[in-house]
Amino acid sequence: MTQEKSNPSATLGGFNTLPGQGSHLPFDAPPSASIAGRKLSESTHERRKAVPHLRDDAPNVLIVMLDDAGFAHPDTFGGEIHTPTLTRLAGSGITYNAFHNCGVCSPTRASLLTGRNAHRVGYGHISEYATDWDGYVGVIPKSAGTMAEVLGAWGYNTAAFGKWHNTPANLTTQMGPFDRWPTGHGFNHFYGFLGGESSQYEPRLVENTTLIEPPRDEGYHLSEDMADKACGWLRRHRAITPDKPFLMYWAPGAVHGPHHVFKEWTDKYKGKFDDGWDAYRERAFARQKEMGWIPETAELTPRPETLASWDSIPEAERPFQRRLMEVYAGFLEHTDAQIGKVVDELEQLGLRDNTLVFFVFSDNGGSAEGQNGTVVELLAQNRISTKISQHLELLEGLGGLDALGGRKTDNMYHAGWAWAGSTPFQSTKLIAAHFGGTRTPLVVSWPRGIRPDTTPRSQFHHVNDIAPTLYDILGITPPVELNGVRQDSLDGISMAYTFAHPQAEGRKGVQYFEVAGSRMVHHDGWTAGVFGPRIPWVAGAAPGLATWDPDNDVWELYHVAKDYAQAHDLAQAQPARLAQMKEMFAVQAGINHVYPLGAIYHLTLKPQHRIAPRHTSWHFSGDITRIPENCAPNIKTRSHTATVDATLGERASGVLFALGGFNGGICLYLVDGHLAYEYNMLGMYRFKARSPARIAAGRHAIDVEFTMSDGTAPQRPAHAVLRVDGAQVAACDIGVTVTAIFSACETFDVGCDLGSPVAAEYFDRAPFGFDGQIHDVWLRYAEAQS
């Protein structure tokens, strides 16, 4: 299907320069100005003729990127999880086995969208860990226009679906500002969520700049919803603007934790992983070689000493560990099936032949953040160590192993499965020194433009190369100015030279990587790197982090042109080369705002310094909902009083206010007239207070006084007292408090509990709206009362 392309004008497209020419000349430039050797006449018609057009057969673009998927998980490339859509696209295109991400979510997304290095565009780590240092502010500057902005200026329709994770965490409320949301970065349409993760059953959804609620339907799943919405958008695009090409960015929350998928998908893998992660790794490695996916000379790297072997897992715990992997596998196959729906829709609409698909299999390596296997994944983010026996006991109350993957668990698999999914490499997500954290399969398919070829491309490339590749294919010179802002240069290069030439010599220059002090630099077939101060798969705080000195780090050196999996450290054998590579990293780190190394650890050591509102007192009416946790009052680790002015009916019921969800949160509510409070410490402990007598009908002042114990230690105890009209009606000791956050996606709500409900008592009645009237909720920190 041939599409006729419109010619974008500088004004309508948002450019203040002439697209494709790299010129500062606006349309009202003097007639003596020249472009590409030609003079602009005074005639408007003549001047417009000088503006370059997209070629008539410019392709549509679909970019798919999964989350937290391992290099050796898909059966397309030697793993054991069925990914027929990935296989189908690979069979109709070309593949890359030396393609790289940034090792963690937000940075990879920022780099992909802008064509620039992550720290250089403010994303040295995830949005929630933003700090004041230039490379870590969590804000993509307007001087780093996204591919959506550039292609939109050339006449493309643009849409994004799924996980965004590139809006500053303190700018994600319904009050904006919205210039940092997807629609402020060039996407005409957005449907998904703004944060780092979300429940697949109760996602905190946004459509463009409007907060919306998913249906409370047992058959609802976010990935399926995303596929349906994307297909609907494609149909509208073809029906209304068939003369335009499109750019679609489809990036699901899957398969990031929590691992949520329906039981029928999980059950497909019963018994498939019974012999554990060590055996999986051996099988995957053998298949990778048999398929020609990795070089015959590649070596399988050993399991790190700090990671448990399968043999060391007690027999009583193995069913739990197996089921966690079965859930993950079902989740991945289910996600692949949703991508298949989008590809099917392209074919049915006659658009597939001229759609260029980039399938970036993951934004980082497999995630070890589940650590020893968990029912509540945020325990790791809070640096809280638990025993598997605690998880098994919790599961028994939720329905046993079959509860995994459902609405009442936020499960993630054991780090051993993430490591196995990184075969043949060392390490996992969050380690920038090893390919297990940064290398991901890439498939590029464009039936009209690329001849299918089964030979893997082994040139070293990076997500920052995708935007330049698009511009190269389309004949677009990146703008010098965009929307009135002078643009920074790109860091990526075009990969188009590899499309028809699998053995072409790689053209990528120096590329650095850095995540929380773990770092690496690649140049000319060599890598030099440092593992870093924290081991992702080890629970609890990193020992020695407070005294960590990057100058004392031990560096590793690998000749990856010959040593595909970084199996042989040559640091001792080649000190001169290592010194040269270290200097190369230092130069790149300086240019790209990487320093100070490990900037995010300031927040790890002092979680009270995370992004948070500056207010010390709030007034909320009864209709205020969906305030993200990072933007909400801190009622979990700071002494405060909340006064609810409300009129109750007889035997009043409903939520007065709530923060968080079923696997971590706080709520104040009434049931049949009884006042109740719960501090849900990440599902592991639920501390409750309840009035023995019903609260009489009428208008009352209901107080919750929450007092943290003295000191600064994380997880220290607290005490909560409930009062009605000044008289105490209940109290409870809170034995342990959360370190930092309850969730990455849940919110603060007044008058109901949207999303995942905090308390089991009203789980089946959620959102459990209050049946009286809330006149005011006055919440103030204890310090503000003095």
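Residues take their numbers from the sequence shown, with the count starting at 1.
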- request: List the steps, then state whether side chain to side chain contact (heavy atoms under 4.5 Å, CB included) holds for Glu377 with Glu197.
  value: CA-CA 11 Å; Glu377 53 151 341; Glu197 67 175 51; 2.4 Å; yes
query: Do Ile493 and His462 pass the side chain to side chain contact (heavy atoms under 4.5 Å, CB included) test, and can you show the C-alpha distance, the side-chain angles, and the key distance before you say yes or no?
result: CA-CA 9 Å; Ile493 68 167; His462 188 273; over 6 Å; no
- prompt: Can you check side chain to side chain contact (heavy atoms under 4.5 Å, CB included) on Asn382 and Ile741, steps first, answer last?
  reply: CA-CA 7 Å; Asn382 283 279; Ile741 56 173; 4.2 Å; yes
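Between His593 and Tyr136, the shortest heavy-atom contact is O-CE1, 3.9 Å. Contact record, Phe742 with Leu378: O-CG, 3.7 Å, taken as the closest heavy-atom pair.
Taking the six-membered ring for Trp and thresholds of 30 and 60 degrees, Phe460 and Phe513 have ring planes more than 60 degrees apart, a perpendicular arrangement. Ring geometry for Phe531 against Trp537 counts as perpendicular: the plane angle is over 60°, on a 0 to 90° scale with 30° as the lower cut. Relative ring orientation between Tyr497 and His461 is described as tilted, the plane-to-plane angle lying within the 30° to 60° band.
For Phe331 and His260, the gap between ring centers reaches or exceeds 6.0 Å.
Residues passing the ring pair (Phe, Tyr, Trp, His ring centres under 6.0 Å) test with Phe77 are Trp293, sequence neighbours excluded.
Looking at Asn411 and His259, their side chains never bring a donor and an acceptor atom within 3.5 Å of each other.
With salt bridges taken as basic N to acidic carboxylate O contacts below 4.0 Å, one links Arg283 and Glu80.
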